[in-house]
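Not measured: the values here are computed from a predicted model. If you read the sequence from its start, that first residue is 1, and numbering goes on from there.
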Amino acid sequence: MSSRLIGVGVGPGDPELVTVKGVDALRAADVVVVPVMDTGERGRAEATVLHYVPAEKVVRVVFALNERTDRKRREAAWDAAGERVAGLLRGRGTVAFATIGDPNVYSTFTYLAHTVGELVPGLVVETVPGITAMQDLAARSGAVLTEGTEPLTLVPVTAGAAVLKEALAGPGTVVAYKFGRQAGEVAEALRETGRLDDAVWGSALGLPEESVRSAAEMDGSPLPYLSTLIAPPRRAGGRGGKL
């Protein structure tokens with residue numbers, strides 16, 4: 001019988017936004033792995049998982065999620081995490097890995113699955129989609145992500161504010177992830193491209209410390225790292241005009 005590694009998207013933080021299929025996968029797995037930083041604090045994925053499975057079924061695996069500069073340290077952490085999960089798979093049939101958002105959108109799971117696949121012959125890898133932060137922010141703020149034939153561009157601002165500015169100069173809605181540390185540059189890019197007034201940002205969605213605000217309120221101060229931005233295009237009136 002082949003070992004199975006299942007990446008389960010558990011949404012942006014609100015436990016009510018885990019799909020029924022996701023909950024079933026977490027409960028059916030022999031063990032549920034949750035990623036934690038080496039500082040040890042509980043992350044959003046772990047907090048969400050504990051609403052649905054007992055703590056004794058959850059295994060915390062350290063990833064260098066906050067390491068941006070030391071490549072050797074980051075790769076060593078990946079190797080150690082891969083070995084840890086591979087060991088769990090050898091002793092059990094199915095391991096679920098809980099990831100915030102969706103496992104196929106800028107997720108730790110992508111890299112983990114590649115690493116573990118090289119360590120466990122015959123490994124079967126599956127994913128269960130999850131609700132993303134941009135979907136949750138759109139719902140909470142009333143922002144419309146797309147209409148008609150508009151494109152949708154998703155940019156991680158860890159790639160640099162210049163990449164975001166280029167996207168903002170194009171058509172359709174632009175969504176920015178992980179922009180909090182560069183909030184000042186992002187606000188300036190929105191201003192220069194005429195998108196500031198209609199844009200919204202949010203952080204800690206569905207959690208007690210949730211913040212959902214107009215981008216026009218940004219004053220250049222750093223925001224939480226996992227902040228999400230939605231910058232819609234200017235839309236002309238006319239019901240059904242873009243269908």
Side-chain angles (χ1 to χ4, degrees), residues 5-14 17-19 22 25 33-38 43-49 61-69 71 74-75 77-78 81-82 85 96-117 125-141 143 145-146 151-168 170 172-183 185-186 189 199-207 222-231:
L5 176 63
I6 306 176
V8 181
V10 295
D14 184 345
L17 292 181
V18 185
T19 67
V33 170
V34 294
V36 296
M37 293 192 296
D38 52 10
R44 293 188 193 178
E46 181 179 6
T48 302
V49 165
V61 175
V62 174
F63 289 79
L65 301 174
N66 58 342
E67 179 56 69
R68 302 292 169 190
T69 58
R71 181 175 178 179
R74 185 174 64 247
E75 291 182 350
W78 274 112
V85 174
F97 181 88
T99 177
I100 60 171
D102 182 278
N104 293 305
V105 179
Y106 299 128
S107 170
T108 308
F109 179 74
T110 305
Y111 309 109
L112 177 70
H114 177 77
T115 301
V116 176
V125 177
E126 302 173 6
T127 57
V128 177
I131 293 173
T132 61
M134 65 177 169
Q135 292 170 286
D136 195 12
L137 178 57
R140 294 176 188 277
S141 67
L145 284 170
T146 57
L152 175 65
T153 303
L154 177 59
V155 177
V157 183
T158 47
V163 177
L164 173 63
K165 187 174 180 180
E166 181 180 350
L168 289 169
T173 295
V174 176
V175 174
Y177 276 0
K178 303 178 181 179
F179 80 92
R181 294 174 184 169
Q182 295 173 271
E185 295 174 66
V186 168
V200 296
W201 71 272
S203 65
L205 302 174
L207 302 176
L223 301 174
Y225 174 67
L226 289 177
S227 295
T228 298
L229 174 84
I230 297 176

Val157: partners by side-chain contact (heavy atoms from CB on, under 4.5 Å), with sequence neighbours left out: Leu164, Ala176, Phe179, Gln182, Val186
Closest contact, heavy atoms only, Leu17 versus Ile131: O-CD1, 3.5 Å
Gap between atom CG of Leu207 and atom CG of Asp14 - 0.5 Å precision: 7.5 Å
Tyr111: partners by side-chain contact (heavy atoms from CB on, under 4.5 Å), with sequence neighbours left out: Trp78
All salt bridge (charged side-chain N to carboxylate O under 4.0 Å, His left out) counterparts of Glu166, not counting sequence neighbours: none
Verdict with reasoning, Phe97 to Val116, per side-chain contact (heavy atoms from CB on, under 4.5 Å): CA-CA 12 Å; Phe97 181 88; Val116 176; over 6 Å; no
Passing candidate, side-chain contact (heavy atoms from CB on, under 4.5 Å) with Phe109, options Val125, Asn104, Val8: Val125
Non-hydrogen atoms of Ala96 and Ala25 that approach each other most closely: CB-O, 4.4 Å
Donor-acceptor contact present, side-chain Thr173 to main-chain Leu145, <3.5 Å: yes
Distance-minimising heavy-atom pair for Val175 and Tyr177: CG1-CE1, 3.9 Å
From NZ (Lys178) to OH (Tyr225), nearest 0.5 Å: 4.5 Å
Between CG on residue Leu152 and OG1 on residue Thr146, distance to nearest 0.5 Å: 6.5 Å
Reported OG1-to-CG distance for the pair Thr132 and Leu154, which is rounded to 0.5 angstrom: 8.0 Å
Rounded distance (nearest 0.5 Å) linking atom CG of Leu205 with atom CD of Gln135: 11.5 Å
Thr48 to Val18 - nearest heavy-atom pair and separation: CG2-CG2, 3.5 Å
Heavy-atom pair with the smallest gap, counting every atom of Pro35 and Ala98: CD-O, 3.3 Å
Which atom of Ile100 lies closest to which atom of Ala45, heavy atoms considered: CG2-N, 3.6 Å
Spacing of Ser203 atom OG and Leu223 atom CG [to the nearest 0.5 Å]: 7.0 Å
